[in-house]
Each structure stands twice: as structure tokens, then as C-alpha cells.
Protein chains: 2
Amino acid sequence: MGKRVYGQYCGFARALELVGERWALMVVRDLLVSPKRFRELQRGLPGIPSNVLTTRLKEMETAGVVERRLLPRSNHVVYQLTATGTALEPAVTELGRWGAKLLGPPRQGEVMTVDALVTALRSTFQPKAAKGVTAAYELHVGNMVVSACITRGRLALGTTPLSDADLTIEIGPALRDLLAGELSPRKALSSGLVQIQGNRTLLEQFVELFRI
Amino acid sequence: MGKRVYGQYCGFARALELVGERWALMVVRDLLVSPKRFRELQRGLPGIPSNVLTTRLKEMETAGVVERRLLPRSNHVVYQLTATGTALEPAVTELGRWGAKLLGPPRQGEVMTVDALVTALRSTFQPKAAKGVTAAYELHVGNMVVSACITRGRLALGTTPLSDADLTIEIGPALRDLLAGELSPRKALSSGLVQIQGNRTLLEQFVELFRI
DNA sequence: CCGGATCCTCGGTGATACTG
DNA sequence: CAGTATCACCGAGGATCCGG
């Protein structure tokens, strides 16, 4: 965050100094899903000026949150989180959970991105409800695909199609209402807002596992 | 956050739009400790321009995070968090925990505030280590007093002196090193960085209960 | 095409002074 | 005490350009 300081000897203030600048935590959000090239970050963050992205990456590199890596045998640059950066996951998850509750209908022009979806699923995952559960879900939102594999209660998220999903869910922004309990699985299906391939009881399990 | 929008239908992005602006989460941090008057917020956030504080409070009031309340029979205004605002506590705690790990020695001119201290204790509290514990601590840092009462494992923080503290700890910025385990209780005492009134084994318990 | 760098504009922040 | 008013400035936003 450069010179923008709060002048307090406080862990929270220090955190905001390091990743509190505009766009910084959005970059972290996307890097938490997977390492990315500069161009990929731009695509996932529509509207971010390239110079701002450059500045944030440099600042967070200096802060030890992000590191530049050169892909072997191809001068390509990849940005990834350091261990320090990865440790932001609980904070990002909590903030995402808080914001998801306040999320009304999509505003004009708002888009969804794969990494936003993954973050949403991480934020809404209910470990207690997942205790002992094993299931593989595949979400289709627009042309995006996100996979959620729960193995004996442990969640693994991905952005590549599964070969053996137990349930494939095709859905739009109604996902938010479904996870918030404002849209029942039955109504979701009957209204056509949601389409599934697989057993519909798995959809009911899904809304138990992921709740806003 | 006004017009500063991220253009994504995403709970995390929405959270940053509501409380991601500069100073906003610092205000939330302090209001999480207790409702406050305008002037109290200014004192707790040295360096914040009054117009920025006004703007943030208005924005967060519009967002339903903060509410203005008029004290009975005295035109005084008090700002307090709504239920929505209070729900930010886990996020603030997690961010504070992350930042506390990165907190080196105090920089030139950095100050500590009561609310920062309370936030730090909340962030570092270890519920597991506190299981079944009952103890009352009183921290003195400079001229500030913070109380931490653990009752059967449950933590209650305050900013008023206790009448019956089991242990009174007088300490400075070394608190950070003590909680980080980089300064042992013994060395802290022998070096004079920490002074206590009460049983010194309670100090060892303290660093078990609160850890960075 | 990727990974930026450069330039310019505009609006928010920061600092200070002022008012009900 | 609780803000409002004013203004300088810097960083965000947006477009374009450049080297590999």
C-alpha cells in the first residue's frame, strides 16, 4: 500500500496497509484459487487498469504476499501467493461470507467469474453438514465450470470439469438465492432456473453443504 | 464506498465495496469494541481527516453497517454497528490475526490504541487452550487499561479496570513478542519489559491463552 | 499476443480552516 | 462537539504505446 499508513502499531492496521488498497484483495482472491499470469488476472478482474495491477503486484511482492515465478523453458511470468499470502484465506473467506449475505440481485453489468464462484463455494461450505459426506459436484454457470469434490467431509474445489461428477448443476445468478435458502431446490428445478444431471436428492444435499 | 465498484456479482467483491474503502474497516474495528461518538472515533484513529470520517460513517450508514443513535436527553450522537456490522467481527479478527504475524517492531511514530489492543487480544485468543479456564487479567499499556476475563473458557474483553484481577500485567510493545513466543515470560520479567502483580504462573497461562 | 510502461484526466484523500 | 468548506495533491481509471 505504499506510503498509505495508519500510524498504529496494530496487526489489523498492518494488514490493511499491506492488502487494504483497492484491488489488492481481489487479486489475492483470484490467486488463492490458482497461480496466474498477468493477462489471466486482468481477465478475471474486468476493469482493473493495467498499471494498477502492476503496482499492486509489485507492492504485494515487496510485502512478501505474492511472488513472481518464471515458468520453466518459456519466459512466461506467473504470479502466485507465498505462504504468507496463502494465509489470507481465512480472512478472505470470512469477508466473502459476510458479503454473500448482503448480495442482492445482480446489478446492471455485473459479471461472474470462475474465481468468484470458487471463493463463494469456499465461503459457504459447511464442514459440519459435510461430516462424512463424499460427493462430486460440477457447477455450470454460463460457460464456466467449477467442480466441488467432498471426500469424507473434506472439500476440494477446482476449475476443470470432472469426469465422474455425481451431480451436474446448471445454474445462473439464482445460485445465490439457492444457497441463501430463498429458493428451494424444488422451485429452482420446476422454474427452470436450475437444471441438473443426476439424482435430485443430491441437489438437496448440495444446498445443505453450501449455505449462505 | 460510493461509486467505487468492482463490477462482479460476488459476495467478496460486494464486501469490499461496502467496507473496503480506506479507513472504513478501521472504523469498524473500533466500533466493534464499543459504540462511539464522532470525537472518540477521531481520537482512536489519529490522522483520519474529519471529512473522511464523516463520509465513511455516512456510507456505512447507507450500507446498513453503522447506525446513528441519539443519546436520550442529550443531543449527543453515537455511532454503533448494526447487526450486519457486528457480523464483520470474524473477518476483522482473521485479518488482525494475519497482520499480527507480520507485525515487526513498531515504526517511528506508531501509536497503540485501546481498541487496537482489544482487537489484538480477540484475534489471538485460543479457545482450545482456554477450555475450562477461568481467570481475570488486566493489561496496562502506557496509560491504557484493557481487561480480559475468561470465564469457563469464554472470553470477555473490556476497557475499564477490574476490581479483582487475578493478574495485572504492565507491558509495552513487547506484548507482540510475548504473544508471538519470541519473548519468554521469564525473560520478559527479568528484562523488566513486563511487570506483573499476581502469580507469575498466571503470566505463563496468559501466553497460552493468547498466541500469535 | 504477453507483460507491462507511459500519459492524461478526474475524483477521492488528506490537511486545514471554519461554522452551527 | 460534530461536523462542513475549501483546496492541493496523489492515486485510480482509461487509453495508448512499446519491447520481446
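In what follows, every heavy atom counts, from backbone to side chain, and hydrogens, waters and symmetry copies are set aside. Note that the coordinates shown come from a computational prediction; the quantities given were computed from them, not determined experimentally. In the text below, chain A, chain B and the rest are named by the order of the sequence lines, each starting its count at 1.
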Without decimals, in angstroms, what is the distance between [X] [atom1] and [N] [atom2]?
{"X": "B:Leu45", "N": "C:dA15", "atom1": "CG", "atom2": "C1'", "answer": "16 Å"}
{"X": "B:Arg68", "N": "D:dA2", "atom1": "CZ", "atom2": "P", "answer": "10 Å"}
{"X": "A:Glu21", "N": "D:dC10", "atom1": "CD", "atom2": "C1'", "answer": "11 Å"}
{"X": "B:Arg56", "N": "D:dA2", "atom1": "CZ", "atom2": "C1'", "answer": "18 Å"}
{"X": "B:Leu70", "N": "D:dC1", "atom1": "CG", "atom2": "C1'", "answer": "14 Å"}
{"X": "A:His76", "N": "C:dG4", "atom1": "NE2", "atom2": "P", "answer": "11 Å"}

- Query: Is it true that atom CZ of A:Arg107 has more than 12 heavy atoms of other residues, nucleotides or ligands lying nearer than 6.0 Å?
  - Reply: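 Enclosed: over 12 neighbouring heavy atoms sit under 6.0 Å from CZ of A:Arg107.
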Indicate every side-chain donor-acceptor pair of residues 79-90 of chain B with a distance under 3.5 Å to a residue at least two apart or in another chain.
unit_1, atom_1, unit_2, atom_2, d
B:Tyr79, OH, B:Arg68, NH1, 3.3
B:Gln80, OE1, B:Arg69, NE, 3.1
B:Gln80, OE1, B:Arg69, NH2, 3.4
B:Gln80, NE2, B:Glu67, OE2, 2.8
B:Thr82, OG1, B:Gly64, O, 2.6
B:Thr82, OG1, B:Val65, O, 3.2
B:Thr82, OG1, B:Thr84, N, 3.3
B:Thr82, OG1, B:Gly85, N, 3.1
B:Thr86, OG1, B:Thr82, O, 2.9

- Item | Residue pair A:Arg14, A:Glu17: steps toward the salt bridge (charged side-chain N to carboxylate O under 4.0 Å, His left out) verdict | CA-CA 5 Å; A:Arg14 191 69 86 246; A:Glu17 289 173 4; 3.2 Å; yes
- Query: Salt bridge or not for A:Glu59 and A:Arg4, using N-O below 4.0 Å?
  - Reply: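 Salt bridge: no.
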- Message: What I want to find out is whether A:Arg176 reaches A:Glu182 closely enough, with some N-O distance under 4.0 Å, to be called a salt bridge.
- Response: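 Yes.
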Please tell me if the side chains of [X] and [Y] come closer than 4.5 Å, counting only heavy atoms from C-beta onward.
{"X": "A:Arg29", "Y": "B:Cys10", "result": "yes"}
{"X": "A:Pro46", "Y": "A:Val111", "result": "yes"}
{"X": "B:Ile196", "Y": "B:Thr168", "result": "no"}

- Task: Enumerate the residues from residues 24-43 of chain B whose closest heavy atom to DNA chain D is under 4.0 Å, giving them by residue number; use none for an empty result.
- Result: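 Nucleic-acid contacts, sorted: B:Arg37, B:Phe38, B:Arg39.
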- Scan residues 135-180 of chain A for pairs that pass ring pair (Phe, Tyr, Trp, His ring centres under 6.0 Å), counting only residues two or more places apart or in two chains.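 Qualifying pairs, neighbours excluded: A:Tyr137-A:Phe206.
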- Pairs touching residues 21-41 of chain A that satisfy ring pair (Phe, Tyr, Trp, His ring centres under 6.0 Å), sequence neighbours left out: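 Found A:Trp23-B:Tyr6.
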- Query: So, is A:Lys58 close to the C:dA5 phosphate, meaning a side-chain N or O under 4.0 Å from OP1 or OP2?
  - Reply: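 For A:Lys58, the contact criterion (side-chain N or O under 4.0 Å from OP1 or OP2 of C:dA5) is met.
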- Message: Check this one for me: any side-chain N or O of A:Tyr6 less than 4.0 Å away from OP1 or OP2 of C:dG14?
- Response: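 False: A:Tyr6 side-chain N/O out of range (4.0 Å or more) of C:dG14 OP1/OP2.
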- Message: Let me test you: for the helix from C:dC1-D:dG20 to C:dG20-D:dC1, what is the angle between the axes at its two ends (five pairs each), rounded to 10 degrees?
- Response: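 What I find for the helix from C:dC1-D:dG20 to C:dG20-D:dC1 is an axis angle of 30°.
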- Treat primed atoms plus P, OP1 and OP2 as sugar-phosphate and everything else as base, then score nucleotides 13-20 of chain D 5' to 3': B for base contact with protein heavy atoms under 4.0 Å, S for sugar-phosphate contact only, - for none. BBB-----
- Item | Under 3.5 Å donor-acceptor, B:Thr159 side chain and B:Val146 backbone |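 Not at all, since once roles are kept as given, no pair shorter than 3.5 Å links the two residues.
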- Query: A:Thr54 has a side chain; which of C:dT13, D:dG3, C:dG4 sits nearest to it?
  - Reply: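 The answer is C:dG4, which lies nearest to the side chain.
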